[in-house]
2 protein chains.
Amino acid sequence: MRKTFLFMDTVTNKVDAKGRVSLPADYRAIVKDTGSEIVCYRSLSAPCIEGCLEDLLDKLATDMENSLDFFSQEQDDISNLVFGDAKRYPFDSTGRIMLSDKLLKHAQIKDSAVFVGKGRKFQIWNPENWAKEEARIRAEVLKKRPSLKAQGGKE
Amino acid sequence: MRKTFLFMDTVTNKVDAKGRVSLPADYRAIVKDTGSEIVCYRSLSAPCIEGCLEDLLDKLATDMENSLDFFSQEQDDISNLVFGDAKRYPFDSTGRIMLSDKLLKHAQIKDSAVFVGKGRKFQIWNPENWAKEEARIRAEVLKKRPSLKAQGGKE
DNA sequence: TATTTTCCCATGATATACCATATTTATAAT
DNA sequence: ATTATAAATATGGTATATCATGGGAAAATA
């Protein structure tokens, strides 16, 4: 059993007519090693799909459960947005998951999807949207840290 | 055997003339895997039905039992409302439960029911009421976490 | 006996498991 | 470095199992 895991890298895979996509092999290895499951939901902050291990959400659920606000309104609200949208996405023997229409629509994905590692989480983007988002992020970071510009070669 | 158990997703099922509803398959899998039972009761805070595993209520009872507020009026009141109202809802071989009139009436459910995952709990709503509630929650959460709005994609 | 409740079967729709081929990546040999 | 060979991955297609749901028979209740 591995000690650490991180969703990394950026890989583009095809989405077929039924909504099936190959989960990147590295991601599958993480699922296998941790014995957990992939869970996906619509990002609250961007037009993309977000994914993580069920373990992560389970931790969240446990925290809420123990916070003694068992019947509090705010807890209800937060847990709704997360758990009401999330769903398990197990992959078949060939390594594919089947994304729901709801998710595909939210991320404007049709026949191609970009998996972007985010450490404990990952995101799935429409390729064009991701290109823009990546540019946005780079610009943002350079604005805040002009020193980086000097070092920076091109990719 | 799975490590984690979470009620997730939002699914709409029909309620037939006899009051039968299919419990979402994922929920049934949880019941099966844990060997526990589904327990439902009228939500204290909203016009909906609330459900969870009997295990969870047992944990709640234990927590109350051990808490310093064991003799507080408030705790007494809450536990009265919950335990006095809760009841087991086993599902048949086709995966359906039969909700009581009391519950259906409280949630204003007639021929369609929305199951909303809440992590360790779930709720069952009348579709129209749920639509309103979801809108309310989104507005509420965005108000409290403006950062989400700022980054925001559309939708 | 009338009414309700609990099972069980039937069916269309959908998701899942599986097989086959293509493509890519890694490994070894020259 | 180049080519050959092998392994792993991605993807298309199809069969199979599962699910939601309608209907009805048997059992229980009043």
Side-chain angles (χ1 to χ4, degrees), chain A residues 2 7-33 37-41 49 51 54 85-105 109-117 122 124-127 130, chain B residues 2 7-33 37-40 49 51 87-105 109-117 122 124-127 130:
Chain A
R2 81 214 288 173
F7 293 110
M8 292 189 281
D9 205 0
T10 299
V11 329
T12 303
N13 284 339
K14 284 192 180 176
V15 181
D16 73 13
K18 299 184 210 161
R20 294 184 300 183
V21 217
S22 285
L23 196 67
D26 291 349
Y27 293 14
R28 293 188 331 239
I30 291 173
V31 174
K32 196 163 160 292
D33 289 350
E37 290 267 9
I38 291 290
V39 167
C40 293
Y41 51 93
I49 300 166
E54 190 174 13
D85 204 55
K87 182 172 161 359
R88 278 186 169 194
Y89 285 87
F91 52 84
D92 64 24
S93 59
T94 63
R96 282 180 290 195
I97 59 177
M98 213 179 101
L99 297 171
S100 69
D101 283 347
K102 184 176 77 174
L103 293 182
L104 292 173
K105 203 170 170 188
I109 292 170
K110 46 182 233 312
D111 54 16
S112 196
V114 184
F115 290 80
V116 183
F122 62 87
I124 313 176
W125 288 78
N126 159 307
W130 171 244
Chain B
R2 85 212 285 174
F7 294 108
M8 294 189 281
D9 206 1
T10 298
V11 330
T12 303
N13 284 340
K14 286 191 180 177
V15 180
D16 71 14
K18 300 181 202 170
R20 296 181 301 181
V21 215
S22 285
L23 195 68
D26 290 348
Y27 293 14
R28 294 187 331 238
I30 291 174
V31 174
K32 195 163 161 292
D33 289 349
E37 288 267 10
I38 290 289
V39 167
C40 294
I49 300 166
K87 183 170 153 8
R88 286 184 173 182
Y89 285 87
F91 53 85
D92 64 25
S93 61
T94 61
R96 283 178 288 197
I97 59 178
M98 219 180 100
L99 297 170
S100 69
D101 281 348
K102 184 176 76 175
L103 293 182
L104 292 173
K105 203 169 171 187
I109 292 170
K110 46 182 232 312
D111 55 15
S112 197
V114 184
F115 291 79
V116 184
F122 62 88
I124 313 176
W125 287 78
N126 158 307
W130 171 245

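A note on names: the letters A, B, ... follow the listed sequences, proteins ahead of strands, and every chain is numbered from 1.
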Could you point out which residue of A:Leu103, A:Val21, A:Ile124 forms a side chain to side chain contact (heavy atoms under 4.5 Å, CB included) with A:Ile109?
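When A:Leu103, A:Val21, A:Ile124 are each tested with A:Ile109, the side chain to side chain contact (heavy atoms under 4.5 Å, CB included) holds only for A:Ile124.
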
Calculate, to the nearest 0.5 Å, the distance between atoms [atom1] and [atom2] belonging to [X] and [Y] respectively.
X        : Y       : atom1 : atom2 : answer
A:Thr94  : A:Leu23 : OG1   : CG    : 11.0 Å
A:Arg20  : A:Asp92 : CZ    : CG    : 7.0 Å
A:Glu54  : B:Met8  : CD    : CE    : 4.5 Å
B:Cys40  : B:Ile97 : SG    : CD1   : 5.0 Å
A:Ser112 : A:Lys14 : OG    : NZ    : 8.0 Å
B:Tyr89  : B:Ile49 : OH    : CD1   : 7.5 Å

Please enumerate all residues that pass ring pair (Phe, Tyr, Trp, His ring centres under 6.0 Å) together with B:Phe7, with sequence neighbours excluded.
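Checked B:Phe7 against ring pair (Phe, Tyr, Trp, His ring centres under 6.0 Å); matches are B:Tyr27, B:Phe122.
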
Where do [X] and [Y] come nearest, in terms of heavy atoms and distance?
X       : Y       : result
B:Asn13 : B:Ser22 : ND2-O, 2.8 Å
B:Asp16 : B:Arg96 : OD2-NH1, 4.0 Å
A:Lys87 : B:Asp26 : NZ-OD2, 4.4 Å

Evaluate whether atom NZ of B:Lys102 has more than 12 neighbouring non-hydrogen atoms of other residues, nucleotides or ligands under 6.0 angstrom away.
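Buried by this count: over 12 neighbours within 6.0 Å.
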
Min side-chain heavy-atom separation B:Ile38-B:Arg28 under 4.5 Å
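Answer no - side chains too far apart.
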
Are A:Phe91 and A:Val31 packed together at the side-chain level, in the sense that at least one heavy-atom pair is separated by less than 4.5 angstrom?
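Yes, their side chains come closer than 4.5 Å.
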
Salt bridge or not between A:Lys105 and A:Asp101? Use side-chain N to carboxylate O under 4.0 Å.
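Salt bridge flag = no for A:Asp101 with A:Lys105.
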
Name every residue in residues 92-100 of chain B that has at least one heavy atom under 4.0 Å from any atom of DNA chain D, in order of residue number, or write none if there are no such residues.
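B:Thr94, B:Arg96 - these, ordered by number, are the residues of the stretch whose heavy atoms sit under 4.0 Å from the strand.
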
Which ones in residues 18-27 of chain B lie close to DNA chain D, meaning a heavy atom under 4.0 Å from one of its atoms?
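Only B:Lys18, B:Arg20, B:Ser22, B:Leu23, B:Pro24, B:Ala25 qualify.
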
Walking along DNA chain D from 5' to 3', note the first and the last nucleotide with an atom under 4.0 Å from a heavy atom of chain A, and give both.
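Taking any atom under 4.0 Å from a heavy atom of chain A, the span is D:dT9 to D:dT14.
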
Mind checking which nucleotides bracket the chain B contacts on DNA chain C, 5' to 3', with an atom under 4.0 Å from a heavy atom?
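The contacted stretch runs from C:dT5 to C:dC9.
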
Between the opening five pairs and the closing five pairs of the helix from C:dT1-D:dA30 to C:dT30-D:dA1, how far apart are the helix axes, to 10°?
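Terminal axis comparison yields 40°.
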
